[in-house]
Amino acid sequence: MSDLSRRHFLKLGACLAGGACAGTVLPMAEASQEAKEASTLTTTLPYPRLKLVNISELEIRHEMRLTYPDVDSPISLIKFGTRILHGIGPEGDIVAFSRYCTHMGGHLQFKADTGAFHCPLHFAMFDAQKSGLMVIGQATDNLPQVELEMDDRGDIYAFGVKGLIYGRQANVLA
Ligand code: FES
């Protein structure tokens, strides 16, 4: 607790005991209102719904490099060939992830033999077959997963990201 908030806490306790709180509680109410306003500032826009690729263009366990939700955010799209966690498509095997490591933003490399993303900086590893689970390394967050859907023609669209892309305060900036 900071000195300021400790002082405020003690002052509030004393005034509650003494029954004369109006002058103390009021500033707290104002501070709470300010915090409320700050938290409702518009910092994000809706995610764009973007066509990434058609399923016919994908090869099994071959990474396709794209960007989403904007050109500064590299992602990889992979079709595994067997059903995996949160995969889409007829076989439930297509997923996409941010290519920025959640530790310090290293550029991840997808390796088909492990089915995982590997970080060349401090060797974190994220399992693409388990929703980007961080399995080895110093990162504390899983890899942000791109939300995908497919239409009747096999066109695959991105429409969101689960998790915060490294280096951003919001995935979609206002
Ligand atoms: S930046 Fe990837 S493990 Fe450190």
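Here, residue 1 is the first one in the sequence, and each next residue gets the next number. Just follow the structure's listing: the first ligand is 1, and inside any ligand the first atom is 1. Small disclaimer: the values here were computed from a predicted structure and weren't measured.
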J.: Ion pair present between D155 and R153, side-chain N to carboxylate O less than 4.0 angstrom?
T.: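 Yes, D155 and R153 are salt-bridged.
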
J.: Would you mind running through ligand 1 and noting each atom that sits below 4.0 Å from a heavy atom of A124?
T.: 3 (S)

J.: Under a 4.0 angstrom heavy-atom cut-off, which atoms of ligand 1 come close to G106?
T.: 1 (S)

J.: Which residue and atom name correspond to the protein heavy atom nearest atom 1 (S) of ligand 1, and how close is it?
T.: M104 N, 3.3 Å

J.: Using only N, O or S atoms, tell me which atom of H103 is closest to atom 4 (Fe) of ligand 1.
T.: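 That would be atom ND1.
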
J.: Within 2.8 Å of atom 4 (Fe) of ligand 1, is there any N, O or S atom belonging to C101?
T.: no

J.: Side chain of N142, backbone of M134: donor and acceptor closer than 3.5 Å?
T.: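 Yes; judged by distance alone, with no hydrogens or angles, the pair exists.
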
J.: Strictly distance-based, threshold 3.5 Å: is any side-chain N or O of R61 a donor or acceptor partner for the main-chain N or O of A112?
T.: yes

J.: May I ask which of M125, H107, H118, H122 has a heavy atom nearer to atom 3 (S) of ligand 1 than the others do?
T.: H122

J.: Are the side chain of D93 and the backbone N or O of G87 linked by a donor-acceptor pair below 3.5 Å?
T.: no

J.: Output yes when a side-chain donor or acceptor of Y68 lies under 3.5 Å from a complementary backbone atom of S98, and no otherwise.
T.: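 The answer is no, because no donor-acceptor pair under 3.5 Å joins these two groups.
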
